[in-house]
Amino acid sequence: MFTCMTHSPAETAQLAELVGKKIHEGTVLCLVGDLGAGKTLFVQSLARTLGVEGEVTSPTFNLMNIYEGICPIYHFDLYRLETEEELEDIGFYEYTDEPEGIVVIEWPDKFPDSLPEDYVEVHIERIPGDETGRQITVSSIGEEYEPFVKELEKLVYLSH
Ligand code: ADP
Ligand code: MG
């Protein structure tokens, strides 16, 4: 687990770019953070880095967007979902059980019991009194992504 600070949207985008350089197919990445924290901005930069050219927007209303980059990217937003049954209806588990491409999930904390055993968590927190400051914590939940998070930490450290 490691934590870093960003001071602008561009800096958060840069961090997402580093994630995009290291991430591989089969990864589930969960983005925790309040409304306006920067989750969607993070996904936008990640998707660009993975070669997505079209629009990348918050799937708040359609619940999931699929982008074609160097691999498929499945972008979920669970904000508007209310029951676990709805998750099943949108095929959530089919994507997260054995992910083919890269799965990114906004508001994963709404359904803590429905998340896979292993995933990468990116927690974006506002800093009181600092409109464009964010504290970002990246951690591996389960063991699978521990090496990924360690590698990423090195890359982030070297890029400073
Ligand atoms: P979320 O998806 O978490 O609700 P968005 O990514 O849609 O949030 O919006 C984040 C907003 O916060 C954007 O308007 C962005 O420009 C702004 N912002 C300001 N500072 C930062 C920062 N350091 N990192 C990310 N976003 C920031
Ligand atoms: Mg969003």
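When a ligand or atom number is given, it counts from 1 through the structure's own listing order. It should be emphasised that the depicted structure is a prediction, and the values quoted were computed from it without experimental measurement.
- In this structure a side-chain-to-backbone donor-acceptor pair under 3.5 Å is present from Gln44 to Val56.
- Side chain of Arg134 to main chain of Glu131: a donor-acceptor pair is present (N/O by atom type, distance under 3.5 Å, no hydrogens or angles).
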Derivation of the side chain to side chain contact (heavy atoms under 4.5 Å, CB included) call for Ile102 and Leu29: CA-CA 8 Å; Ile102 289 167; Leu29 189 144; 5.6 Å; no
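- If you check which protein heavy atom lies closest to atom 8 (O) of ligand 1, you get Gly38 N, 3.2 Å.
- Rounding to the nearest 10°, we obtain 90° for the angle at the Mg ion (ligand 2) between Glu106 OE1 and Thr40 OG1.
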Evaluate the side chain to side chain contact (heavy atoms under 4.5 Å, CB included) criterion for residues Val103 and Ile105: first the C-alpha distance (whole Å), next the side-chain angles of each, then the deciding distance (0.1 Å), finally the verdict. CA-CA 7 Å; Val103 178; Ile105 308 167; 3.9 Å; yes
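- Checking side-chain atoms of Thr132 against main-chain N and O of Ser8 turns up no donor-acceptor pair under 3.5 Å.
- At under 3.5 Å, a nitrogen or oxygen of Ala37, whether backbone or side chain, sits near a nitrogen or oxygen of ligand 1.
- A salt bridge is absent between Lys150 and Glu153: the closest approach of a Lys/Arg side-chain nitrogen to an acidic carboxylate oxygen does not fall below 4.0 angstrom.
- In Met1, the CE atom is not crowded: 12 or fewer heavy atoms of neighbouring residues, nucleotides or ligands sit closer than 6.0 Å.
- Under the 4.0 angstrom criterion, atom 16 (O) of ligand 1 counts as having a protein heavy-atom contact.
- From the protein, the heavy atom lying nearest to atom 7 (O) of ligand 1 is Thr40 CB, 3.7 Å.
- Looking only at heavy atoms of the protein, atom 13 (C) of ligand 1 is closest to Leu41 CD1, 4.5 Å.
- Taking every heavy atom of Thr6 and a limit of under 4.0 angstrom, the matching atoms of ligand 1 come to 23 (N).
- In the candidate list Ile136, Ile127, Thr12, Leu15, Thr12 is nearest to atom 25 (C) of ligand 1, counting heavy atoms.
- Under the 3.5 Å distance criterion, the side-chain polar atoms of Asn65 are left unmatched by any main-chain donor or acceptor of Phe76.
- Close to ligand 1: Gly36, with a non-hydrogen atom less than 4.0 angstrom away.
- The shortest N or O to N or O distance between Leu35 and ligand 1 is not below 3.5 Å.
- Atoms of ligand 1 found under 4.0 Å from any heavy atom of Glu106 (numbered from 1 in listed order, with element): 2 (O).
- Heavy atoms of Ser58 found under 4.0 angstrom from ligand 1: none, in either backbone or side chain.
- The backbone and the side chain of Thr132 each have at least one atom closer than 4.0 Å to an atom of ligand 1 (non-hydrogen atoms only).
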Evaluate side chain to side chain donor-acceptor pair (under 3.5 Å) for Gln135 paired with Thr3, printing each intermediate quantity in order. CA-CA 7 Å; Gln135 177 174 298; Thr3 296; 5.0 Å; no
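- Nearest heavy-atom pair across Val19 and Phe148 is CG1-CZ, 4.2 Å.
- At least one heavy atom of Asp34 lies less than 4.0 angstrom from ligand 1.
- Considering only non-hydrogen atoms, atom 22 (C) of ligand 1 lies nearest to Arg134 out of Glu11, His7, Lys39, Arg134.
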